[in-house]
Amino acid sequence: MNKFIKYLTIGLFAMSVLFACSESNTGFSDPDTTVFNKEIVFKDSLMSFEFVAGIYAQMVDINYFLDNGIYSGSCWMWDDASNNSHQVYTGSAQMSYRWTTNTVTSTDARTKRHWTIPYSCIFRVNTVLNNIEKTPISSSIQERLKAEVRFIRAYQYYHLLRCFGGTPIYGDMEVGPSSDLKVFSRATFEEQVDYIVKECTEIARILPPDYESKDYGRATSGAALALKARVLLYAASQLNNNNNLPAGVTQWPAELVPVLKYPNYDKERWKKAVDAAKAVIDLNRYSLVVDNTTRPGNGFYTMQITRKNSEIIFPLLKNNNSRYPANCFLPKSTGGSPQSWPIQNLVDAFLMKDGKRIDDKNSKYNYAVETMYENRDPRFYYTILYDGAMWRQSSSSATKVRLNMSAASTTTDKFEWGANNNKTGYLWRKFCSEDMAGNGPGYTDWGFPFIRFAEMYLAYAEALNEYYGPGSHRNEIQEQIIKIRERAGIDPGDNGLYGIPAGWTQEQMRDLIFNERRIEFAAEEAIHYFDMKRCNLLVKYKSEVPIKIAQWNKPYPTTDVEFIIPYNARFDPGRQYFFPIPPGEIDKVGKSLIQNPGW
């Protein structure tokens, strides 16, 4: 077993034992030495490594998944709260559905975790920083471990920033129940961005560029620089880098404006994003996985199912858990237990095979509803299972069967909005090996792609477009998109632009990149949801464009299809741009911890 996977697995157990006796191990009031004996752990090398592995494990549930996660038995994704997919359950405890229908409250336990888990993780990071030198581990490894956990801490502060705006930053302090919490107040948006960027810059000088295979999965210098690029893109974007309040907002308390965003627009913030993304590209350490010889876009597929490849900048390796992704995505008829279903809105976002949108009259492929799955961007076929798609029957049989997800189906894949078989007419196949069925044993050698190189190309193109526009940098902007689309297996076209419209404007390119990121990173981390947010498009895509699902009354292809709006998504700009700070945390700190608008 891979050494890091072993540490991660053991670390999860160790963390549960070390903290099981405490109910105060959340938020600011994290466990202190009354429930956790630091002197024992940090006198032992193995226990110290296990402790760090447990910190890595804390990145999964709320960073990669909106709720639950692989260690909780279900995988409820951030995409389920966007306009990409729909979660299996719609009950009062289901966060993505409640967030979509604007029924979340500030006291919801599942919402609270997006505050308490990062601060719990930050406490553990600071425990390592203040105690690792007590271990018999060599000084060089100690320094590396410090840099690793600082990376994780920076990532957690980034997650807090994107969910809540500015939050209290307490450096290397181990904040516990006996700490004077009233000294803390919310950092400004600018202070938190600067803190994360400074941390990433410093630890990039310490972390190695790569590891031997036994330690693969740990934070690298490239991961630190890529996180820096992601944060600076988020900071420079329309929601945050603006003289005005977000779309639909008429007023925020004056003292909260600098906490939730920059109070002014500064074009130079886009230049910082340009430079940060270019710095990762210029490492010449990463490259896209390309294979259009086997079949169009096969590199996009193999990238998804391989543990280590040239594109992954930062993975998080999972333990030997069979539920994700195959069991949580693949059809019930193959033994799966789907947790999420893509919706028609995402299907419509995928391009035609020549890189044109489905409503582009200049496409050489004629789009029609009754043949909507033909001649599409190859990434569509590696991301979504649709009515009529072929898939492996079971883990014991390599025979592929045609999936019948129509309303007339007699299989467990039948479309039926009111049941938990197939609510949208689609299933995910992203990250699922074609050798797997829903009842398969799962992957033992796979990881979550938290950050991959394709993101740097698209971040670079976006920042270039915003800072320079299409003038002298037109070709350079196009080149980044072309690399992504060429790997995807899209037709180059007679002009070699892979469907990019000639003579595009800055606004056209802005929309193109937003959509490119949507389809490239579907079902990955929280990318699309926070793209909607940072680009100031939540009102548009959560309120103005209805959620749509496809009901094939007879198996595809047929003209007998209906598009249904199962419920009205509701986005309240008065409160839903940010998560509520748990009231209990405000009680601990006092009035200096100002609640977010509308909560």
Of all the heavy-atom pairs spanning T100 and K542, show the shortest one and how long it is.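 Looking at all heavy atoms of both residues, the closest pair is OG1-NZ, 3.4 Å.
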Which heavy-atom pair separates T383 from A522 by the least distance, and what is that distance?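 In this case the closest contact between T383 and A522 is CG2-CB, 4.1 Å.
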For [X] and [Y], which I'm curious about, is there any donor-acceptor pair between the side chains at under 3.5 Å?
X: Y265; Y: N240; result: no
X: N309; Y: T306; result: yes
X: Y426; Y: Q344; result: yes
X: S340; Y: W76; result: no
X: Y529; Y: R534; result: no
X: Y155; Y: R230; result: yes
X: W417; Y: Q551; result: no
X: N83; Y: H528; result: yes
X: E476; Y: Y460; result: yes
X: R518; Y: N515; result: no
X: S82; Y: Y541; result: no
X: D80; Y: S85; result: yes
X: E311; Y: S287; result: no
X: Q156; Y: N63; result: yes

Tell me if the centroids of the rings in [X] and [Y] come within less than 6.0 Å of each other.
X: F189; Y: Y262; answer: yes
X: W115; Y: F164; answer: yes
X: W270; Y: Y467; answer: no
X: Y381; Y: Y301; answer: no
X: F448; Y: F314; answer: no
X: F415; Y: W341; answer: no
X: Y556; Y: Y373; answer: yes
X: F530; Y: W78; answer: yes

Would you check if the side chain of K533 reaches a backbone N or O of L538 as a donor-acceptor pair within less than 3.5 Å?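 Not at all, since once roles are kept as given, no pair shorter than 3.5 Å links the two residues.
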Donor-acceptor pair, side chain of W599 and main chain of F578, under 3.5 angstrom: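 Yes: the side chain of W599 pairs with the backbone of F578.
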Do the rings of Y119 and Y157 sit parallel, tilted or perpendicular, given the 30° and 60° boundaries?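 Plane angle over 60°, so perpendicular.
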Look at the rings of Y577 and F571 and say which category their plane angle falls in: under 30° parallel, 30 to 60° tilted, over 60° perpendicular.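 Answer is perpendicular, since the angle exceeds 60°.
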Salt-bridge criterion met for [X] and [Y] (N-O under 4.0 Å):
X: K332; Y: D413; value: no
X: R487; Y: E520; value: yes
X: D108; Y: K112; value: no
X: E374; Y: K353; value: no
X: K228; Y: E199; value: no

Are any non-hydrogen side-chain atoms of D387 and L403 less than 4.5 angstrom apart?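 They are not in side-chain contact.
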So if I apply the salt bridge (Lys or Arg N to Asp or Glu O under 4.0 Å) rule between R510 and each of E516, E462, E466, which one comes out positive?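 In the set E516, E462, E466, the residue that makes a salt bridge (Lys or Arg N to Asp or Glu O under 4.0 Å) with R510 is E466.
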side-chain hydrogen bond (donor to acceptor under 3.5 Å, both in side chains) against H159, all qualifying residues, sequence neighbours excluded: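 H159: side-chain hydrogen bond (donor to acceptor under 3.5 Å, both in side chains) contacts with H114, R162.
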Among M372, R357, R376, exactly one meets side-chain contact (heavy atoms from CB on, under 4.5 Å) together with F350. Which residue is that?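 Checked M372, R357, R376 against F350; only one passes side-chain contact (heavy atoms from CB on, under 4.5 Å): R376.
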Do W504 and Q478 pass the side chain to side chain donor-acceptor pair (under 3.5 Å) test, and can you show the C-alpha distance, the side-chain angles, and the key distance before you say yes or no? CA-CA 10 Å; W504 49 267; Q478 289 177 169; 2.8 Å; yes
